[in-house]
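Here is the naming used below: chain letters follow the sequence lines, and residue numbers restart at 1 for every chain. Predicted model, so just to flag it, every value in this text is computed and none were measured.
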Protein chains: 2
Amino acid sequence: MQPADSEDAAPRQRVQDEIRRDIIFGALPPGTRVTEAALAAKYGISRVPVREALRMLEAEGFVESKPYAGSTVSKIPVDDAEDLFFVREALESATARRAAHRAAAQFDSGAPSVEWWQARKVLAAVLDEGDAAVAQNRLDLLPELNIRFHLGVAELSGSASLTALLRQIAGKIEWLYATDVDRRGKESWSEHRSILAAIDSGNSANAEQLMADHVHQSKVGYLDRFSVDKNSALSPEPTFAP
Amino acid sequence: MQPADSEDAAPRQRVQDEIRRDIIFGALPPGTRVTEAALAAKYGISRVPVREALRMLEAEGFVESKPYAGSTVSKIPVDDAEDLFFVREALESATARRAAHRAAAQFDSGAPSVEWWQARKVLAAVLDEGDAAVAQNRLDLLPELNIRFHLGVAELSGSASLTALLRQIAGKIEWLYATDVDRRGKESWSEHRSILAAIDSGNSANAEQLMADHVHQSKVGYLDRFSVDKNSALSPEPTFAP
DNA sequence: TTGTGTAGTTTCGTATACAAACTATCGTGT
DNA sequence: ACACGATAGTTTGTATACGAAACTACACAA
């Protein structure tokens, strides 16, 4: 029963999450210079934990640091988005496939394992929370819920490594998602339920395809919005043609 | 003309690289408890930069930290290796394809760009260095050269994002590679030249295939060596059957 | 305009101190 | 003998202060 959110956690973890949120939701626009002293003052802590938080965010790709020159918020990876979506498609297709495979195995072997059932329950709750958020037009809640869904599927896949890899790019996924949530948020969210249904049914091929399409649609929507014109030359996956 | 290696760089960067090396090459076996005080004493610096280095290594997945309980070297991702190779296959197939595509574009448009030529020259040097290392049986040099080759291909692809993503898992790739270098190192290295040749020729399909096979062979070799018996249940890619 | 020098700012590292939380050891009770 | 809990020791997490090092920006001269 961990807090899951940052409430009274350790200062370093807290400010790290806060800064990341500020970056993701635009309070700290790309290119902004962030100084240790200012952050320390803002969050009422000393500079040491701020430095460590910045090192973590640097490794996550949210800020860029030059020795003795300080840190700046990374540029939104607009032109890199295509690559990110490409990797994500490969990664998440795999998690969906394995999750479906594992779900079938769980039901075949009589009693589902405790941790599987736990993860499955969490996923159901996330889905309900998201539906409620959509119903109340609280689209600002979707970015985090979206990440929790996709990480939940990864958990369900049983692969610690796939989960870890997805977690590594989860922040940037959320970042991109937040910039596009008012356009494709509702539609995108509704696709989650059918993905989970396919996983539950144990149809791994179907789950994989649905997840691939889901990510692909996010990609198309994003690239369309920011009108990146290079999608004709290098599109890596002609998953389906009209 | 940056140092490229850690010689008189900033202490934090230096110890970060040192600790990572010690982990990769087995001086710090998985499960080892690393205390800040000990590291600070060993490298002759204070605790603050040590802590920052540990935070970076934590984000890279080399150490795991629990609040107030310290850091331990992560377990070798033997059981996760399969997933890592899977992602790598997707990632590096893409870099090879794009690198070939870009190479063709460079030659088509008369004069190659300066940075492309630079990257291409570095890659040639790495290849020669590796051949020399193989000739002198200095297999211990191969892990780093291997990473430099693959990152070099990513550079050549021109995609900053693919490069960044590959860099994120580069450390773990090197870790796995180092455990297997005496078995498959020479054979694996010889494949690099043909990959680069395919890229140079501009044959993107061929380059992609060769890279995919190259990574796939690494995967098979690794899983075979450590005789992971679960490859029957969850093998993600039945690429070819005997 | 271009180059250079200087002042100011910020990061980086050190040292010290103390509170908080974990780990391991040792006893006690059943 | 074994499980359980208190306790001491260790380690981390944070605060604070200070100095050195390096980058940035601005002014000035050729």
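- Regarding B/R47, its CZ atom lies at a distance of 14 Å from the P atom of C/dA17, rounded to whole Å.
- As a whole-Å value, the separation of A/L39 CG from C/dT11 C1' is 13 Å.
- Going from atom CD of A/Q13 over to atom P of D/dT14 covers 10 Å, rounded to whole Å.
- Residues A/V48 and A/Y68 each lie close to DNA chain C; by heavy-atom proximity, the contact nearer the 5' end of the strand is made by A/Y68.
- Among the heavy atoms of the strands lying under 4.0 Å from A/R12 are primed sugar atoms or P, OP1, OP2 only; no base atom is included.
- Of the candidates A/I147, A/V87, A/I173, A/V153, A/I173 is the only one forming a side-chain contact (heavy atoms from CB on, under 4.5 Å) with A/L166.
- Between the P atom of C/dA20 and the CD atom of B/E36 lies a distance of 18 Å, rounded to the nearest Å.
- Minimum atom distance to the side chain of B/T35 is reached by D/dT12, of the listed C/dC12, D/dT12, C/dG13.
- Of the side-chain N and O atoms in A/K66, one or more sit less than 4.0 angstrom from OP1 or OP2 of D/dT24.
- Looking at B/H192 and B/H150, their side chains come closer than 4.5 Å, going by heavy atoms from C-beta outward.
- A/L54 places its CG atom 14 Å from the P atom of C/dT10, with the value rounded to the nearest Å.
- Considering only side-chain N and O atoms, B/R51 lies under 4.0 angstrom from the phosphate OP1 or OP2 of D/dG13.
- B/E52 places its CD atom 14 Å from the C1' atom of D/dT14, with the value rounded to the nearest Å.
- Between B/L142 and B/N146, every side-chain heavy-atom pair lies at or beyond the 4.5 Å cut-off.
- Residue B/V34 is the one, among A/I45 and B/V34, whose nearest nucleotide of DNA chain D lies closer to the 5' end (criterion: closest heavy atom).
- Rounded to whole Å, atom C1' of D/dG13 lies 14 Å from atom CD of A/Q16.
- Between B/S113 and B/Q106 the shortest side-chain heavy-atom distance falls below 4.5 Å.
- The listed nucleotides are D/dT14, D/dT11, D/dT24; the one nearest the side chain of A/A69 is D/dT24.
- Residues A/R167 and A/T163 have side chains in contact (heavy-atom distance under 4.5 Å, counting atoms from C-beta outward).
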